[in-house]
Amino acid sequence: MRLTSPRLRAVLLTAASLTLVAAVLPPPRPLGVGDRLFPDLGNPGYDVRSYDLSFTYKDNSSPLDAVTVIDARATTALERVNLDFTRGKVLSAEINDRPAQFVSVGEDLVLTPERPVAAEETLRITVHHTSDPRGGGDGGWVPTSDGLVMANQADAAHRVFPCNDHPVDKAYYTFRITVPDGLTAVANGLPGLVKHRAGGPATWTYHTLHPMATELAQVSVGRSAVVHRRGPRGMDLRDVVPAADQQRLEPWLKKTPAQMEWMEERVGRYPFETYGVLIAQARTGFELETQTLSLFERGIFTEPGYPEWYVDSIMVHELAHQWFGDSVTPRTWSDLWLNEGHATWYEALYADGLGKYSLDRRMREAYQRSDQWRAAGGPPAAPKPAAPGEKIGLFRPVVYDGAALALYALRQEVGKAAFEDIERRWVARNHDEVVGTEDFVRLASDVAGRDLTAFLRPWLYGQRTPAMPGHPEWSTPKNA
């Protein structure tokens, strides 16, 4: 007989138990939360409370060293825990401070703990991994001329860090970003301590005070200036811009406080702890409402051809998303119209107020195209899914101007005062929550004092555009 030490015996027993688990469990497989447009996104069985994300940036040609710590609660008994993650190498994983087996299956990282997780059990998941900014082009890290920014909408956060990558599972965030001397790191929320090493790297820390969907996470690394100013009620605002362009961009940056006041007059108090504009030296083809720090291309502010009123209204579009989409978050991606339709509505209303592009004209032009948009992309609240084997192109005209047109129809039906009451109650009642189209229809009906389901359903789900209240002369092309 040969005796083994207690520690060795424990190691052998652990190895045996893991082997037994592996033997009796079915093969790991990717999971999803059942979203009809993104069936593989999100993971059932747990609710994320917070993410603690650490990134060490070297340069744009090297993967970032990263650690993701997830605090969650199991909503059911789990023998495995699925995370969404791809485009990075996993070095190790732990669940509740104990090693976990891990394997990549599709775009899921599947963890097998030493013992099954009980329902309602607290989970701490730690993953040491890399995060690769190279060879993307489909979201996640976006290289700039001086660093990186994030663009995770709709399904790209898991190309940066392991997560439950669906807006239904909002969580709090802490960011710890280590960058070489001379670079600035910024993320969502409020700054914490910056730890500098003389002549060496610095670690910048940020944390959010409100829960956030994964698609709205933002980290910026670059030779940036952080410009502070005061917003409504003395709120600290911060813009992040290329340092060399600070003075050139200031005429645009200083517009934000007045734009925030304009939005607050219409929908109520700004919902977060801070706000600002992040201007990236990159060509993305879009602007993005990352929570508390909206992402913009530098070119929209510096290149000729963009009228001032147009840029102003686009700034308001992304600002409006802080209420509609960020604070009040869609339950499914089919509910995207609640984000984009509202942001487009306030963009159009702002342009109307500037006297450059009237709201009625824009809505009439949208009405003329609406049937074509529905035929191509589906109705606003039921976008067509991707064809088999193809990636969905979700951001279509029907969820922007087509959805704003449905809001215009609602205002025509219930009147301006009732419509404005609906908007204010919507953001106040659902602050920091996850909601769907049926919630909006229910609230609109409550405010109007009558069931609006029969009115709104054709506008949101119909294959053809209904008649516009108050505008019998509006028509759509017969061949649409």
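- A distance-only check finds a donor-acceptor pair linking the side chain of Arg396 to the backbone of Lys384 [under 3.5 Å].
- The neighbour count for Arg29 CZ, taken as heavy atoms of other residues, nucleotides or ligands under 6.0 Å away, does not exceed 12.
- Closest of all the heavy-atom pairs between Arg238 and Gly189 is NH2-O, 3.0 Å.
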Intermediate values then yes/no, side chain to side chain contact (heavy atoms under 4.5 Å, CB included), Val311 and Phe301: CA-CA 7 Å; Val311 179; Phe301 299 106; 3.7 Å; yes
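- For the pair Gly147 and Tyr57, the tightest heavy-atom approach, listed with the atom from each and the gap, is CA-OH, 3.7 Å.
- Using modelled atom types, one side-chain atom of Asp84 and one backbone atom of Gly42 make a donor-acceptor pair closer than 3.5 Å.
- Annotation: the span from Tyr461 atom OH to Thr437 atom OG1 amounts to 4.0 Å, rounded to 0.5 Å.
- Taking all atoms of both residues into account, the shortest heavy-atom contact from Pro201 to Thr178 is CB-CG2, 3.8 Å.
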Val186/Leu278 under side chain to side chain contact (heavy atoms under 4.5 Å, CB included): CA gap, chis, key distance, verdict: CA-CA 9 Å; Val186 183; Leu278 166 61; over 6 Å; no
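- The number of heavy-atom neighbours closer than 6.0 Å to NZ of Lys58, taken from other residues, nucleotides and ligands shown, is above 12.
- Rounded to the nearest 0.5 Å, atoms CG (Leu53) and CD1 (Ile70) are 8.0 Å apart.
- Under the 3.5 Å distance criterion, with hydrogens and angles disregarded, a donor-acceptor pair is assigned to the side chains of Glu340 and His317.
- For CZ of Arg124, the number of neighbouring non-hydrogen atoms (other residues, nucleotides, ligands) closer than 6.0 Å is 12 at most.
- Leu460 has its side chain within reach of Val441: a pair of non-hydrogen atoms, C-beta onward, lies under 4.5 Å apart.
- Side-chain atoms of Arg374 come within 3.5 Å of backbone atoms of Gly462 as a donor-acceptor pair (strictly under, hydrogens ignored).
- Checked by atom type, the side-chain pair Glu423/Tyr346 shows a donor-acceptor distance below 3.5 Å.
- Within 6.0 Å of atom CZ in Arg269, 12 or fewer heavy atoms from other residues, nucleotides or ligands are found, so the atom counts as exposed in its surroundings.
- Annotation: side chain of Phe324 is in contact with side chain of Val267 (closest heavy-atom distance under 4.5 Å).
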Asp155 and Asp40: CA distance, side-chain angles, deciding distance, side chain to side chain contact (heavy atoms under 4.5 Å, CB included) verdict: CA-CA 10 Å; Asp155 62 335; Asp40 297 328; over 6 Å; no
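- Residues Thr274 and Leu190 meet the side-chain proximity criterion, which asks for heavy atoms closer than 4.5 Å.
- The closest donor-acceptor contact from the side chain of Arg331 to the backbone of Val434 lies under 3.5 Å.
- Under the side chain to side chain contact (heavy atoms under 4.5 Å, CB included) criterion, Ala348 pairs with Leu359, Arg362, sequence neighbours left out.
- Residues Arg429 and Asp446 are in side-chain contact: their nearest non-hydrogen atoms beyond the backbone lie under 4.5 Å apart.
- Two residues are said to be in side-chain contact when any heavy atoms from C-beta on lie closer than 4.5 Å; Leu37 and Ser334 meet this criterion.
- Looking at Thr205 and Arg176, their side chains never bring a donor and an acceptor atom within 3.5 Å of each other.
- Side-chain contact check for Tyr46 versus Val117: every heavy-atom pair is 4.5 Å or farther apart.
- Heavy atoms only, all atoms of each residue included: Leu456 and Ala444 are closest at CD1-CB, 4.3 Å.
- Proximity of a side-chain donor or acceptor of Asn164 to a complementary backbone N or O of Asn43 within less than 3.5 Å is detected.
- We find that Arg442 and Asp439 are joined by a salt bridge, their nearest charged nitrogen and carboxylate oxygen being less than 4.0 Å apart.
- Salt bridge status for Arg80 with Asp108: absent, with no side-chain N to carboxylate O gap under 4.0 Å.
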Criterion salt bridge (charged side-chain N to carboxylate O under 4.0 Å, His left out) on Asp138 and Lys391, from CA distance to verdict: CA-CA 10 Å; Asp138 53 355; Lys391 182 176 174 62; 5.8 Å; no
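- Within 6.0 Å of the CZ atom in Arg266, the count of heavy atoms belonging to other residues, nucleotides or ligands exceeds 12.
- Inspection of the His158 and Asp165 side chains reveals an N or O donor paired with an N or O acceptor under 3.5 Å.
- Residue Arg283 places its CZ atom among 12 or fewer non-hydrogen atoms of other residues, nucleotides or ligands, all under 6.0 Å distant.
- Across all non-hydrogen atoms, the minimal contact from Tyr172 to Leu209 is CE2-O, 3.4 Å.
- The closest side-chain donor-acceptor pair between Thr174 and His207, if any, does not fall under 3.5 angstrom.
- Classification of the His342-Trp337 ring pair by plane angle, with boundaries at 30° and 60°, yields parallel.
- Between the Glu297 side chain and the Gly285 main chain, a donor and an acceptor come within less than 3.5 Å of each other.
- Below 30°, between 30° and 60°, or above 60°: for Phe175 and Tyr173 the angle between ring planes is below 30°, a parallel geometry.
- Phe55 places a side-chain heavy atom less than 4.5 Å from the side chain of Trp141.
- At least one donor-acceptor pair closer than 3.5 Å links the side chain of Gln322 to the backbone N or O of Thr292.
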Verdict with supporting geometry, Trp333 and Val399, side chain to side chain contact (heavy atoms under 4.5 Å, CB included): CA-CA 11 Å; Trp333 281 109; Val399 301; over 6 Å; no
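- When all heavy atoms are compared, the tightest approach of Leu148 to Thr144 is N-OG1, 3.6 Å.
- Residue pairs that meet the side-chain hydrogen bond (donor to acceptor under 3.5 Å, both in side chains) test with at least one member in residues 218-231, sequence neighbours left out, are Gln218-Thr290, His228-Asp236, Arg229-Asp239, Arg229-Glu250.
- Separating the OH atom in Tyr206 from the CG atom in Leu193 is a distance of 11.5 Å, to the nearest 0.5 Å.
- The CH2 atom of Trp459 sits 10.5 Å away from atom CD of Glu413, with the distance rounded to the nearest 0.5 Å.
- Using a distance-only test at 3.5 Å, with no hydrogens or angles considered, no donor-acceptor pair links the side chain of Asn188 to the main chain of Thr208.
- Between Arg411 atom CZ and Leu349 atom CG the span is 6.5 Å, to the nearest 0.5 Å.
- In the model, Asp47 has no side-chain atom that pairs as donor or acceptor with a side-chain atom of Thr75 under 3.5 Å.
- In this structure, Lys170 contributes its side chain and Ser327 its backbone to a donor-acceptor pair below 3.5 Å.
- In this structure, Ser445 and Leu452 have side chains that are in contact, with non-hydrogen atoms separated by less than 4.5 Å.
- With hydrogens and angles ignored, the 3.5 Å screen pairs a side-chain donor or acceptor of Glu121 with a backbone N or O of Ala118.
- Using modelled atom types, one finds a donor on one side chain and an acceptor on the other under 3.5 Å when comparing Thr68 with His129.
- Note that OG of Ser294 is 7.5 Å distant from CG of Leu288, once rounded to the nearest 0.5 Å.
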